[in-house]
Protein chains: 2
Amino acid sequence: MTAQRRVVAEVLDGEHVHLTADEVHARAAAKLPEISRATVYNTLGELVSLGEVLEVATDRRAKRYDPNAHRPHHHLVCAGCGSIRDVHPAGNPLADLPDSERFGFTVSDVEVTYRGLCPNCAAKA
Amino acid sequence: MTAQRRVVAEVLDGEHVHLTADEVHARAAAKLPEISRATVYNTLGELVSLGEVLEVATDRRAKRYDPNAHRPHHHLVCAGCGSIRDVHPAGNPLADLPDSERFGFTVSDVEVTYRGLCPNCAAKA
DNA sequence: ACTTGACTTGGATTGAGTCCAACGTAGGAT
DNA sequence: ATCCTACGTTGGACTCAATCCAAGTCAAGT
Ligand SMILES: [Mn+2]
Ligand SMILES: [Mn+2]
Ligand SMILES: [Zn+2]
Ligand SMILES: [Zn+2]
């Protein structure tokens with residue numbers, strides 16, 4: 001556990017945010033100015049493979065890192081500004097996929113992404 | 001309607017494939033060797049905004065272009081090799097998102113991505 | 001003190017996609 | 001028939017996120 005890893009973990013701690021690697025780097029650098037982008041990427045990658053943080057890739061923009069790995073949830077994404085909210089829809093989409101639609105795959109996970117415009121972007125449009 | 005647009009449309013015609021822009025370019029260039037990547041991107045972009053073709057972005061790799069825009073469907077993606085199958089799950093995930101989970105967003109679309117291993121990759125693992 | 005190994009760094013590199021100025025060409029105007 | 005114009009195409013430069021890598025730093029163990 002180095003100082004660099006600690007500040008990255010601190011940045012992601014607590015609130016349900018969905019930060020890009022650059023945003024994590026900016027916030028980490030506020031506490032530890034000499035931290036490099038490479039280290040932020042390395043540390044985020046480790047947290048992801050430990051299952052502590054989820055990667056959310058909603059489009060061709062930067063991936064977002066989600067510390068809310070404990071409770072399963074899905075995402076509502078604004079097509080305008082890219083902002084993300086956690087959502088907990090009813091229903092179980094895994095159960096909605098019949099065997100006849102699985103083609104012999106071992107289906108382990110399902111990801112549901114709602115898209116639309118946030119109030120802010122809807123007002124501008 | 002130019003020769004370039006026609007070959008791009010032909011490449012996407014018919015089968016339920018999910019080709020990357022580069023794959024479309026390669027197949028188009030087999031029929032019209034001087035076609036440029038820029039024109040393939042331009043034409044794909046036009047087909048997408050006409051609603052004739054869907055963009056599918058399952059990860060940080062290249063977007064895939066899906067000519068099966070007529071019947072709504074979702075995707076089953078192999079985590080091993082990246083191959084994609086069309087699936088038609090039961091249920092309506094849009095209806096599963098209550099107003100209290102919409103945060104004032106104008107929700108227009110939902111995308112469901114099942115992940116797992118195809119029979120081939122499961123055998124290897 | 002010396003060695004070892006793990007971690008960090010900044011810069012180079014990659015990959016997908018976009019941008020843009022120059023070019024070619026088909027159709028219409030004169 | 002010639003000229004003009006608008007549109008489509010081209011290739012290369014460029015962007016942006018992410019990864020790679022060789023060199024540097026540091027702490028622990030001997
Ligand atoms: Mn989340
Ligand atoms: Mn499809
Ligand atoms: Zn927005
Ligand atoms: Zn596979």
Side-chain angles (χ1 to χ4, degrees), chain A residues 1-12 17-50 52-66 75 77-84 113, chain B residues 1-12 17-50 52-66 75 77 79 81-84 113:
Chain A
M1 173 58 69
T2 65
Q4 287 83 351
R5 291 176 193 205
R6 192 171 43 258
V7 297
V8 170
E10 279 173 16
V11 165
L12 288 173
V17 290
H18 302 89
L19 299 172
T20 64
D22 259 8
E23 288 165 350
V24 173
H25 178 247
R27 297 189 186 197
K31 302 181 171 191
L32 187 63
E34 67 277 18
I35 192 173
S36 74
R37 238 171 271 277
T39 295
V40 170
Y41 276 108
N42 288 342
T43 307
L44 289 173
E46 284 161 21
L47 291 170
V48 168
S49 48
L50 288 172
E52 295 294 317
V53 167
L54 299 176
E55 276 182 353
V56 185
T58 55
D59 51 16
R60 199 115 319 260
R61 302 186 235 188
K63 276 184 204 162
R64 295 182 172 272
Y65 291 87
D66 187 343
H75 290 113
V77 180
C78 176
C81 63
S83 67
I84 299 184
T113 306
Chain B
M1 174 58 67
T2 65
Q4 287 84 348
R5 292 177 193 205
R6 185 155 29 73
V7 297
V8 170
E10 279 171 18
V11 164
L12 288 172
V17 290
H18 302 89
L19 299 172
T20 64
D22 261 7
E23 289 165 350
V24 172
H25 178 245
R27 298 191 185 196
K31 302 180 171 194
L32 187 63
E34 68 277 18
I35 191 171
S36 73
R37 294 194 334 121
T39 295
V40 170
Y41 275 108
N42 288 342
T43 306
L44 288 173
E46 284 160 21
L47 291 171
V48 168
S49 47
L50 287 172
E52 295 293 317
V53 167
L54 299 175
E55 277 182 351
V56 184
T58 55
D59 51 15
R60 198 111 322 253
R61 301 185 237 187
K63 277 182 202 164
R64 294 182 172 272
Y65 292 88
D66 185 344
H75 290 113
V77 180
C81 63
S83 67
I84 300 184
T113 305

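Proteins come first, then strands; the chains are lettered A, B, ... in the order of their sequence lines, and each starts at number 1. All values derive from a computational prediction rather than experimental measurement. All heavy atoms count here, side chains included; hydrogens, waters and symmetry mates do not.
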Chemist: Just jot down the side chain to side chain contact (heavy atoms under 4.5 Å, CB included) partners of A:Ala30, sequence neighbours excluded, or say none.
Modeler: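 Listed in chain order: nothing, the list is empty.
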
Chemist: Measure from CG on B:Leu19 to C1' on C:dA16 and round the result to the nearest Å.
Modeler: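 In whole Å, C:dA16 C1' lies 16 Å from B:Leu19 CG.
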
Chemist: Does a nitrogen or oxygen in the side chain of A:Tyr41 sit under 4.0 Å from OP1 or OP2 of D:dT19?
Modeler: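 Negative; the distance criterion is not met.
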
Chemist: In whole Å, what is the span from the CG atom of A:Asp22 to the P atom of D:dT19?
Modeler: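 Between P of D:dT19 and CG of A:Asp22: 13 Å.
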
Chemist: How long is the line joining CG of B:Asp59 and C1' of D:dA17, in whole Å?
Modeler: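 So the CG-C1' distance, B:Asp59 to D:dA17, works out to 14 Å.
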
Chemist: Tell me every residue that passes salt bridge (charged side-chain N to carboxylate O under 4.0 Å, His left out) with A:Arg60, counting only those two or more places apart in sequence or in another chain.
Modeler: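 For A:Arg60 there are no salt bridge (charged side-chain N to carboxylate O under 4.0 Å, His left out) partners, ignoring immediate neighbours.
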
Chemist: Pick one: which of A:Leu44, A:Val11, A:Val56 meets side chain to side chain contact (heavy atoms under 4.5 Å, CB included) with A:Tyr65?
Modeler: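 Exactly one option meets the side chain to side chain contact (heavy atoms under 4.5 Å, CB included) with A:Tyr65, and it is A:Leu44.
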
Chemist: Atom NZ of B:Lys63 to atom C1' of D:dC16: distance rounded to whole Å?
Modeler: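 So the two atoms are 13 Å apart, to the nearest Å.
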
Chemist: Nearest whole Å is fine: how far is C:dG15 P from B:Glu23 CD?
Modeler: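 In whole Å, C:dG15 P lies 15 Å from B:Glu23 CD.
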
Chemist: Looking at residues at least two apart in the chain, or sitting in another chain, which of them share a side chain to side chain contact (heavy atoms under 4.5 Å, CB included) with A:Asn42?
Modeler: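 Counting only residues at least two positions away or on another chain, A:Asn42 forms no side chain to side chain contact (heavy atoms under 4.5 Å, CB included).
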
Chemist: For the pair made of CZ in B:Arg60 and C1' in C:dG17, what is the distance, rounded to whole Å?
Modeler: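 Roughly 12 Å, once rounded to whole Å.
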
Chemist: Using the salt bridge (charged side-chain N to carboxylate O under 4.0 Å, His left out) criterion, which residues pair with A:Glu46? Sequence neighbours excluded.
Modeler: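 Per chain and number, A:Glu46 pairs via salt bridge (charged side-chain N to carboxylate O under 4.0 Å, His left out) with A:Arg5.
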
Chemist: Can you name the residues that form a side chain to side chain contact (heavy atoms under 4.5 Å, CB included) with B:Ser36, not counting sequence neighbours?
Modeler: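 Applying side chain to side chain contact (heavy atoms under 4.5 Å, CB included) to B:Ser36 gives B:Ala38, B:Thr39.
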
Chemist: How would nucleotides 4-11 of chain C be written as a contact map, 5' to 3', with B for base contact, S for sugar-phosphate-only contact and - for no contact, using protein heavy atoms under 4.0 Å?
Modeler: ---SSBB-

